[in-house]
Amino acid sequence: MTESRHAPAAVAQPRITRADGSPIRAVVVDDEDSLTDLLSMALRYEGWDVRLASDGQHALSTIREFRPDVVVLDIMLPDIDGLSVLSRLRADGIQVPILFLTAKDSVDDRVAGLTVGGDDYVTKPFSLEELVARLRALIRRSALAVSTSEDSLLEVGDLTLDEDSYEVQRGGVPIELTATEFELLRFLMRNPRRVLSKAQILDRVWSYDFGGRSSVVEIYISYLRKKIDTLGEPMIHTVRGFGYVLKPAG
């Protein structure tokens with residue numbers, strides 16, 4: 001494989017994340033351990049959450065459970081081939097973008113991969129930088145991700161949050177927030193008009209599983225309300241039995 005010693009060059013561009021700010025999820029499927037180790041290292045350097053699979057059956061179970069945003073899938077696998085894996089995924093209604101990775105380079109192979117529902121095709125040996133760039137392009141086209149360095153200003157009604165400067169304002173009035181309050185507000189603003197459960201908030205803001213700690217969410221929601229909703233009509237609403245939602249006033 002070419003350019004394997006230049007992994008850092010593949011991450012020179014701004015990092016991308018899911019729209020809610022969580023890491024991009026990727027699954028790499030190949031039976032060559034050295035290759036999957038290298039790819040996982042490069043993608044984790046991008047800030048992505050990566051899972052590996054060495055055969056078709058493992059790939060199917062991993063993808064179904066993990067629900068990735070993109071998959072790197074080798075065609076030649078020890079049990080069922082990559083084309084069959086993709087066909088089964090599409091039959092299940094799983095439309096995750098797929099980049100085929102294989103030593104085959106004939107036109108027929110490329111056509112076959114794209115015909116069964118693949119989204120892109122890279123042949124071995126390949127440039128690591130090019131492969132990462134193609135994956136980023138697939139994710140952007142899927143409209144699941146945002147760049148961490150583009151459109152840093154979040155706006156919901158008259159409430160603004162700058163992810164670069166960490167400045168928050170409502171109606172032009174500056175609002176001082178703690179680090180945790182900022183992360184909570186950012187999560188709410190990345191999902192305007194969407195009801196977020198306490199479990200989702202705990203997992204995203206505090207990074208631990210839900211389990212008897214709902215009081216911490218209630219406490220920090222009350223902190224935000226005191227700082228934001230006192231500057232105008234309420235924006236943070238409780239949806240009883242479900243969670244919380246942020247939406248423009250009025």
Side-chain angles (χ1 to χ4, degrees), residues 1-13 15-18 23-145:
M1 186 174 64
T2 61
E3 300 185 23
S4 61
R5 297 182 181 274
H6 301 287
V11 295
Q13 300 180 40
R15 290 188 174 187
I16 58 175
T17 67
R18 284 181 154 191
I24 294 295
R25 294 182 178 186
V27 171
V28 177
V29 186
D30 197 292
D31 60 346
E32 295 181 42
D33 291 341
S34 59
L35 187 147
T36 55
D37 288 346
L38 180 65
L39 280 178
S40 65
M41 179 183 67
L43 297 182
R44 285 173 179 139
Y45 197 78
E46 287 272 327
W48 297 6
D49 190 355
V50 183
R51 298 288 187 274
L52 305 179
S54 58
D55 58 54
Q57 293 293 348
H58 186 198
L60 287 170
S61 60
T62 300
I63 293 168
R64 287 165 176 158
E65 178 182 353
F66 187 51
R67 294 289 175 171
D69 302 303
V70 70
V71 174
V72 179
L73 180 60
D74 190 16
I75 287 184
M76 299 300 293
L77 295 171
D79 49 0
I80 57 175
D81 62 39
L83 299 179
S84 298
V85 170
L86 179 54
S87 295
R88 295 186 190 185
L89 291 175
R90 295 297 188 247
D92 289 345
I94 298 176
Q95 300 300 320
V96 58
I98 300 285
L99 182 146
F100 276 119
L101 180 63
T102 179
K104 295 184 176 181
D105 59 1
S106 74
V107 174
D108 289 343
D109 291 327
R110 292 173 185 261
V111 171
L114 298 177
T115 299
V116 297
D119 299 279
D120 204 348
Y121 197 111
V122 171
T123 57
K124 304 174 186 177
F126 58 87
S127 158
L128 185 58
E129 182 175 358
E130 178 188 1
L131 185 141
V132 173
R134 289 196 182 202
L135 291 177
R136 290 168 63 94
L138 285 180
I139 292 168
R140 289 183 185 282
R141 289 205 300 271
S142 71
L144 290 173

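In this chain, residues are counted from 1 in sequence order.
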Going from [atom1] on [X] to [atom2] on [Y], what distance comes out if it is rounded to the nearest 0.5 angstrom?
X: Leu101; Y: Arg134; atom1: CG; atom2: CZ; answer: 11.0 Å
X: Leu60; Y: Leu89; atom1: CG; atom2: CG; answer: 5.5 Å
X: Leu39; Y: Leu128; atom1: CG; atom2: CG; answer: 6.0 Å
X: Leu86; Y: Ile63; atom1: CG; atom2: CD1; answer: 8.5 Å
X: Leu99; Y: Leu131; atom1: CG; atom2: CG; answer: 5.5 Å
X: Ile94; Y: Arg88; atom1: CD1; atom2: CZ; answer: 12.5 Å

Contacts of type salt bridge (Lys or Arg N to Asp or Glu O under 4.0 Å), residue [X], not counting sequence neighbours:
X: Asp92; result: Arg64
X: Arg25; result: none
X: Asp49; result: Arg51

Can you sort out the partners of Ser54 under side-chain contact (heavy atoms from CB on, under 4.5 Å), two or more places apart, ordered by chain and number?
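For Ser54, no residue satisfies side-chain contact (heavy atoms from CB on, under 4.5 Å) once neighbours in sequence are set aside.
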
I want to check something: taking the side chain as every heavy atom from C-beta on, are Val132 and Leu43 in contact at a cut-off of under 4.5 Å?
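Yes, close enough: below the 4.5 Å cut-off.
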
Closest approach of Pro23 to Gly47 (non-hydrogen atoms, all atoms of both residues):
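Residues Pro23 and Gly47, closest heavy atoms: CB-O, 3.4 Å.
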
Looking only at heavy atoms, which two atoms of Trp48 and Leu135 are closest? And how far apart?
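Closest approach of Trp48 to Leu135: CH2-CB, 3.9 Å.
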
Output side-chain donor-acceptor pairs under 3.5 Å for residues 70-79, partner residues at least two apart or in another chain, one line each.
residue : atom : partner : partner atom : Å
Asp79   : OD1  : Gly56   : N            : 2.7
Asp79   : OD2  : Gly56   : N            : 3.4
Asp79   : OD2  : Gln57   : N            : 3.1

Leu52 pairs by side chain to side chain contact (heavy atoms under 4.5 Å, CB included) with which of Thr62, Val29, Val28?
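In the set Thr62, Val29, Val28, the residue that makes a side chain to side chain contact (heavy atoms under 4.5 Å, CB included) with Leu52 is Val28.
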
With Ser61 via side chain to side chain donor-acceptor pair (under 3.5 Å) - residues at least two apart
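Listed in chain order: nothing, the list is empty.
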
Give every residue pair that meets the salt bridge (charged side-chain N to carboxylate O under 4.0 Å, His left out) criterion with at least one member in residues 33-44, sequence neighbours excluded.
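Pairs touching residues 33-44 that pass the test: none.
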
